[in-house]
Structures are given as C-alpha cells and as structure tokens.
Colleague: 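Handing you a structure now.
The chains referred to below are lettered A, B, ... by the order of the sequence lines, with proteins before strands, and numbering in each begins at 1. Remember, predicted model here, so these are calculated numbers, not experimental data. Hydrogens, waters and symmetry mates play no part in the numbers below; they use all other heavy atoms, side chains included.
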Number of protein chains: 2
Amino acid sequence: MATIYEVSERAGVSLATVSRVINGTAKVSEKTRQRVMAAMKALNYRPNSAAQSLASNCYNSVGMLVSEVHGPFFGEMMSGVETVLRAAHKHVIIAAGHSDEQSEKEAIEFLRGRSCDALILHADAVSDQYLIDLAKEDDAFVVMNRHIDAIADQCISLDNRHGGYLATKALLEQGHRKIAYIAGPLKKTDAKERLQGHKKALREFDVAFDAALMREGDFESASGAQAMSELLKAGKKFTAVVCGNDEMACGAMNTARDAGLQLPEDLSIIGFDNVIMSRYTFPHLSTIDYPIGEMGRMAAKWVLKNIYQQDDIDIIHHFEPSLILRDSVKAK
Amino acid sequence: MATIYEVSERAGVSLATVSRVINGTAKVSEKTRQRVMAAMKALNYRPNSAAQSLASNCYNSVGMLVSEVHGPFFGEMMSGVETVLRAAHKHVIIAAGHSDEQSEKEAIEFLRGRSCDALILHADAVSDQYLIDLAKEDDAFVVMNRHIDAIADQCISLDNRHGGYLATKALLEQGHRKIAYIAGPLKKTDAKERLQGHKKALREFDVAFDAALMREGDFESASGAQAMSELLKAGKKFTAVVCGNDEMACGAMNTARDAGLQLPEDLSIIGFDNVIMSRYTFPHLSTIDYPIGEMGRMAAKWVLKNIYQQDDIDIIHHFEPSLILRDSVKAK
DNA sequence: TTGTATGCGTTATCAA
DNA sequence: TTGATAACGCATACAA
C-alpha cells in the first residue's frame with residue numbers, strides 16, 4: 001500500500017503538501033494540486049486511517065448501542081443514524097446491550113475502547129447514575145429514549161408516559177372500561193412510563209386499575225402471545241387491551257384470534273411505536289406513533305453538532321407521541 | 001489520557017514490558033505483571049486503538065454492507081454478525097447500499113477506507129465482475145446471499161431458485177393452477193432466482209407461466225400491497241399468489257382482505273424468508289425458511305477463520321431453503 | 001505557497 | 001525475562 005511519502009516523492013513535493021491537498025487544510029497552488037492528485041491516483045493511494053487518527057486524534061467513527069440489532073424499532077433508529085452519519089463520512093459501529101445491565105456496560109466499554117469520537121446510546125438497563133458518572137469522565141455521548149435531568153443536554157427522548165396515556169384514553173373514549181394491559185419489561189424505564197400513562201388515563205375516567213388484568217412481556221411478539229393466552233385463560237372479562245408495543249400487540253392479536261375472538265368486535269387492541277408492520281396487520285393496528293427514525297437522525301445530528309463542530313444544526317431534545325387510530329379499536 | 005509510557009514509568013519497567021502484559025505476547029514474570037496491572041489500573045489506562053492499529057496493522061473491525069439497515073431480514077443478519085464478532089472483540093461497522101450500484105460501490109469504498117480488516121457484503125446491485133475484480137485487489141471479504149463461481153470460497157449463499165421452486169410447488173400440490181407472482185426487484189439476483197424457481201415448478205406441472213399474472217415489487221410491504229391491488233384490478237382470475245418475500249406477502253394479504261377476499265379460502269398466499277412476523281400474521285403465513293441469522297453468524301465465522309486466523313472453525317458455504325406450511329395456503 | 005521536523009502511542013525486532 | 005530503539009503513516013507548528 002502506497003504511503004503519503006511515496007505520493008510526495010512521485011509528485012515531487014513534500015509530504016506536508018500532500019497532506020494539505022488530502023485535507024484541504026491550507027492553500028495549495030492548482031498546479032501542484034493536480035500533480036499530487038495524479039500521483040495519488042497512479043499509486044492507488046488511500047490514506048491510512050489509523051495513522052490519521054493517531055496524528056489528528058479524530059477517529060471519524062461513532063458508536064451506537066441498541067438493545068437488540070434486530071427488530072423494527074431499532075432498525076428504524078439505526079437506519080436514521082446511519083443515513084445522517086454516513087453522509088457526513090462518519091463510520092457507525094454497532095453493539096447490542098440486550099437490556100442487561102452488565103452486558104450494556106460491557107458494550108459501552110467495548111465502544112469506548114475503540115476510541116469512537118462519540119456514542120449514541122439506547123441503554124435501558126444501566127442506571128441514570130451510571131450515565132451521569134460516565135458523562136463526568138467523558139461527555140461525548142447522547143442518550144436516546146430517556147430523559148435524565150442532570151444531563152438533559154445529552155438526551156433525546158419521547159414522552160412515553162403521555163403516549164401510554166393517549167393509548168388508554170383512546171380506548172376509554174370509545175366506551176371501554178374493562179381494559180387489560182400487556183406491559184413491556186418493567187425494569188425498562190420506557191415500559192414503566194407507558195404503564196404510568198395508562199394508569200393516569202384510567203384515573204381520569206374513574207376506572208380502577210386491575211392488576212389481574214395486567215401481564216408483563218418483553219417487547220417481543222411471542223411474549224405478547226403468551227400474555228394474551230394467560231389473560232384469556234384467567235377468565236376475567238375485558239373488552240380491550242393496551243400493549244406496551246406493536247410487536248406484543250401482534251402476538252396478542254394472533255392468540256386472541258386463534259382463541260376464536262373476532263377482532264375488533266370482541267376485543268379492541270392498541271399498540272405502541274407505529275412500526276411499519278402495524279399498517280399491515282389484520283385488523284390494521286391502532287397505535288401510538290413513535291418517530292424513532294427521526295429521533296435517530298436527530299441523535300446523529302447531535303453528534304455532528306457537538307462533536308464534529310457543525311454549528312449550523314438545531315437540536316430537538318424532546319419528541320411527542322401521537323395517536324394513530326386504525327381498525328383495531330372499536331366503540332363498545 | 002494516560003499512555004503506555006506513563007504506565008511503564010509508574011511500574012518501573014520499560015514500555016516494551018507493558019506492551020507484553022497488555023497483549024500477552026511474551027513471558028513476563030508474575031511479579032512485574034502485577035506491578036504493571038496495578039499501574040494501569042491506577043492511571044485508568046486504556047490503550048490507544050489508533051496507535052495499536054498503526055503499529056500492528058490490525059484494526060479489529062469488520063465492515064458490513066446491507067441493502068437497508070432496517071427490515072426484518074437484515075436485522076436478523078446483522079444481529080447474527082454482531083453476536084459472533086463482538087464475542088471475539090471485533091467491532092462491526094455498518095453501511096447501507098440501498099440496492100443501488102453506485103451507492104453500493106461508494107459504501108464499499110467507504111468501508112475499505114476505514115481500513116476494516118474484512119468486509120461482509122450483502123451487495124445486490126454491483127456485478128459479479130466488480131466483486132471478482134475487488135477480490136483481486138484485496139480478498140478480505142465474504143459475500144452473502146450470492147454465489148459467484150470465481151470466488152466461491154468467499155460466498156455464503158442460499159439456493160434461492162430452489163426456494164422459489166418449493167414455494168410454487170407447494171401451491172401446485174394443493175391443486176392451484178392459476179398462480180399469480182409478485183416478484184422482488186428483478187435487478188436483484190435473488191429475486192430473479194426465486195422467479196426462476198417459480199417457473200421451473202410451473203413447468204413441472206405443465207402450467208404455462210402467465211406474464212399477466214406477474215408484478216414486480218421492491219421487497220417492501222407497500223409494494224406488495226400495490227401489486228396485489230393491480231392484480232385484482234386487472235380482473236384476471238387467480239386462486240393463489242407467490243410473493244418474493246414475506247413483507248410483500250403481508251402487504252398483499254392486507255390489500256386482498258381490504259378488497260373483501262377471505263383468506264385463505266378465496267386466495268392462498270405464500271411468502272419467502274420466514275421472518276419473525278410471518279408467524280403472527282392472519283392467517284399465519286406459509287413461507288420458505290431462509291436461515292439468515294445463522295448465515296450471518298457463519299459470515300462472521302468466515303472472517304474469524306480467514307482473517308483472524310482462528311483455524312478451528314468449519315465454514316458452511318451453502319444453505320438450503322425449506323418449506324414452512326402454515327395457514328395461508330389452502331387446497332383448491 | 002511550500003518544506004522541515006517533530007510528535008501521536010503503539011508493536012516488534014534486536015540485544016542484553 | 002527485560003530493555004532500547006526503530007518503525008507504523010500521517011498531521012501540524014514553524015520556517016522559509
């Protein structure tokens with residue numbers, strides 16, 4: 001592999017000049033610029049990124065932690081991040097935390113070890129304090145789907161509580177009173193907040209929360225199916241069910257139908273996230289829109305602005321959920 | 001940030017010795033090893049990865065090209081790759097090619113520019129020749145979902161043609177004769193091969209391929225919905241439809257039902273890929289299993305074996321599709 | 001506008 | 001088992 005030194009020799013200039021044309025850091029006469037370009041092309045020269053990083057202390061790469069690499073939610077988020085960052089010629093390194101505290105910490109250390117210039121973290125198992133402490137050591141990171149007061153500038157979040165509220169309220173407004181709830185894993189902040197919103201809506205309509213009508217899943221389809229199966233078996237009547245996310249809602253719908261229920265006649269259902277699939281279920285799933293793709297793009301912009309000094313960027317830290325009413329909810 | 005030099009000073013040894021305990025490349029007495037470890041801990045030392053890479057010419061990172069970062073198929077693939085590679089302490093850098101030739105080439109160059117040690121490529125727009133030429137320059141890459149004879153050792157593929165054959169055969173065996181086909185984008189090899197398999201099955205059952213019953217989509221749900229809509233509007237009768245992948249099948253089912261058809265009574269449908277969602281559609285989608293997660297893990301192992309010299313690994317280059325019969329197919 | 005010289009933090013080759 | 005010392009390939013302050 002050709003080095004910058006060989007290029008300089010062939011072009012008959014110093015290696016500093018070659019570096020200048022590569023980086024455009026200083027004026028170079030058009031004539032020598034051409035000569036250098038020609039030499040680079042002739043030698044099929046590519047800068048050695050390790051040497052660049054070492055000399056400049058800039059890695060041009062950003063680490064991204066997600067709970068899981070698969071799944072529609074994280075797919076949209078990663079896609080948003082990748083799009084913005086690659087347009088800016090920054091590399092995106094991915095790691096999964098699997099919603100386990102130890103695993104998340106390891107993943108974060110793994111990413112930091114690679115000397116990423118910045119981190120985009122969708123961490124749902126580590127404590128607020130851990131992230132606050134991390135920020136004291138090195139604050140080159142942005143947190144997704146989570147608001148932490150002490151590092152509010154580094155957070156891009158959505159009001160999950162309000163989303164949960166909207167979902168249940170939609171059901172209540174359609175006359176439902178016996179409403180089951182299939183929660184996400186309650187060790188996760190967002191799942192907890194969505195449940196809080198659910199309870200708030202119930203209170204507003206003077207409906208008592210019934211723990212017997214609640215089950216906890218893990219945000220994946222299978223757990224939604226399992227939860228619905230349990231709910232049905234328990235025999236306690238309910239006319240609607242709120243799910244912690246769309247994937248569990250799909251699983252739940254599936255089980256309900258296999259059990260012979262007509263949807264939405266016998267049971268109304270609402271999800272959360274508005275993942276692409278929710279448009280194609282039967283019946284079409286009502287849900288809460290979570291603009292995760294846009295938030296991923298925003299996180300990438302945060303990095304561009306705060307780490308790579310692209311000042312002409314406005315950052316939105318807070319996004320709002322909104323109700324998407326489709327066919328899976330029917331008036332009681 | 002502390003350097004190896006500061007560590008060596010504090011531990012009272014040379015920097016070479018520190019490097020040895022970091023990498024375990026040579027014998028170091030237990031006593032000095034302890035001293036060095038203590039010094040590293042005290043200084044909160046982390047090796048500078050750029051310096052390591054520069055000196056060792058090893059980056060510990062692997063580039064991964066996918067068509068899109070979102071989507072269930074690529075999610076499973078990326079997840080498989082990430083799992084294996086991170087366990088081996090290798091970083092994975094993602095890039096999307098968007099199934100566009102120019103864009104894919106750019107993405108590959110982008111990844112190469114980062115001096116990844118190896119590349120895992122799901123490229124569906126560049127030509128075979130491009131990849132063959134690339135291999136001549138630098139063969140540290142493995143190709144997914146594509147078999148190219150000239151670089152067969154670098155390919156991990158699935159017999160898409162056979163998969164397409166199995167799908168249509170399943171329908172034919174159930175007595176269907178008027179079978180529509182919603183293809184993936186035919187510029188992609190896999191979409192083309194699946195269609196070939198479809199035609200082969202038709203021939204075997206002496207059924208003529210009817211171009212009027214075919215539409216081309218782009219592998220995303222919306223295009224399946226659109227294609228079904230066109231097919232229905234065209235008015236030509238068909239009792240079953242084969243879809244190029246599960247996502248388009250979901251879109252197609254959706255449209256068919258919205259048009260008043262009973263599934264699977266009025267129309268049988270089969271997809272391809274066996275993505276998670278296919279288990280949760282209504283009716284449950286029959287499909288062709290594509291073990292993409294396993295293939296992603298295998299690609300990662302290929303890299304471990306061929307690039308990082310982990311010799312005790314067996315590589316499987318060829319995977320077989322298999323029929324998954326669920327409820328969306330009914331005998332005619 | 002261009003060149004010189006130094007440093008970036010490691011690994012690896014020799015000696016000792 | 002340990003220590004000097006020379007790469008590794010580039011960016012950049014300083015000179016010219």
Colleague: Round to a whole Å and report the spacing from CD of A:Glu6 to C1' of D:dC8.
Modeller: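 The distance from CD of A:Glu6 to C1' of D:dC8 comes to 13 Å, rounded to the nearest Å.
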Colleague: Do the ring planes of B:Phe110 and A:His89 sit parallel (below 30°), tilted (30 to 60°) or perpendicular (above 60°)?
Modeller: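 Because their plane-to-plane angle lies in the 30° to 60° range, the rings of B:Phe110 and A:His89 count as tilted.
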Colleague: B:Ser103 and B:Gly97: which non-hydrogen atoms are nearest, and at how many Å?
Modeller: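 Here B:Ser103 and B:Gly97 meet closest at OG-O, 3.0 Å.
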Colleague: Under a 3.5 Å cutoff, is there a donor and acceptor pairing between the side chains of A:Asp133 and A:Gln129?
Modeller: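 Side chains of A:Asp133 and A:Gln129: pair found under 3.5 Å.
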Colleague: Check whether NZ of the Lys or CZ of the Arg B:Lys188 lies under 6.0 Å from the centre of the six-membered ring of B:Phe219 and within 45 degrees of that ring's axis.
Modeller: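 Pair B:Lys188/B:Phe219 does not count as cation-pi.
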Colleague: May I have the distance from B:Arg35 (atom CZ) to D:dT2 (atom C1'), rounded to whole angstrom?
Modeller: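 My rounded result for the distance is 11 Å.
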Colleague: When you check the phosphate oxygens OP1 and OP2 of C:dT2, does a side-chain N or O of A:Ser29 lie under 4.0 Å from one of them?
Modeller: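 Indeed, a polar side-chain atom of A:Ser29 lies that close.
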Colleague: What integer distance in Å separates A:Met40:CE from D:dG9:C1'?
Modeller: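 Between C1' of D:dG9 and CE of A:Met40: 15 Å.
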Colleague: Whole angstroms only, please: what is the CZ-P distance between B:Arg20 and C:dG9?
Modeller: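 Rounded to the whole Å, the gap is 21 Å.
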Colleague: Using heavy-atom distances to pick each residue's nearest nucleotide on DNA chain C, tell me which of A:Arg33 and A:Leu15 is more 5'.
Modeller: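 Its nucleotide being nearer the 5' end, the pick is A:Arg33.
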Colleague: Is any side-chain nitrogen or oxygen of B:Thr3 closer than 4.0 Å to OP1 or OP2 of C:dG9?
Modeller: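 Result: no.
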Colleague: Looking at A:Thr17, I'd like to know whether one of its side-chain N or O atoms comes within less than 4.0 Å of OP1 or OP2 on C:dT2.
Modeller: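 Looking at the OP1 and OP2 atoms of C:dT2, neither is under 4.0 Å from any side-chain N or O of A:Thr17.
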Colleague: Specify the separation, in whole Å, of atom CD1 of A:Ile22 and atom P of D:dC10.
Modeller: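 Computing the A:Ile22:CD1 to D:dC10:P distance gives 7 Å.
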Colleague: Whole-Å distance between D:dT5 P and B:Tyr5 OH?
Modeller: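 About 12 Å, once rounded to whole Å.
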Colleague: Before giving the answer on ring-ring contact (aromatic ring centres under 6.0 Å, His included), spell out for A:Phe73 and A:Tyr290 the whole-Å C-alpha distance, their side-chain angles and the decisive distance to 0.1 Å.
Modeller: CA-CA 9 Å; A:Phe73 183 83; A:Tyr290 194 128; 5.1 Å; yes
Colleague: Tell me whether the count of non-hydrogen atoms from other residues, nucleotides or ligands lying under 6.0 Å of NE2 in A:His318 goes above 12.
Modeller: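 Yes, NE2 of A:His318 has more than 12 neighbouring heavy atoms, counting only those of other groups under 6.0 Å.
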Colleague: Identify whether any heavy atom of A:Val13 sits under 4.0 Å from a base atom; if not, whether one sits that close to sugar-phosphate; answer base, sugar-phosphate or nothing.
Modeller: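 Sugar-phosphate, backbone atoms only, no base.
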Colleague: Evaluate the side-chain proximity of B:Leu134 to B:Arg112: yes if any heavy-atom separation is below 4.5 Å, no if none is.
Modeller: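 Side-chain contact under 4.5 Å: yes.
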Colleague: Quick check on D:dA11: is either OP1 or OP2 less than 4.0 Å from any side-chain nitrogen or oxygen of A:Ser19?
Modeller: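 A:Ser19 to D:dA11 OP1/OP2: side-chain N or O found under 4.0 Å.
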Colleague: For DNA chain D, which residues of residues 42-60 of chain B approach it to below 4.0 angstrom with any heavy atom?
Modeller: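 Residues of residues 42-60 of chain B under 4.0 Å from DNA chain D: B:Leu54, B:Ala55.
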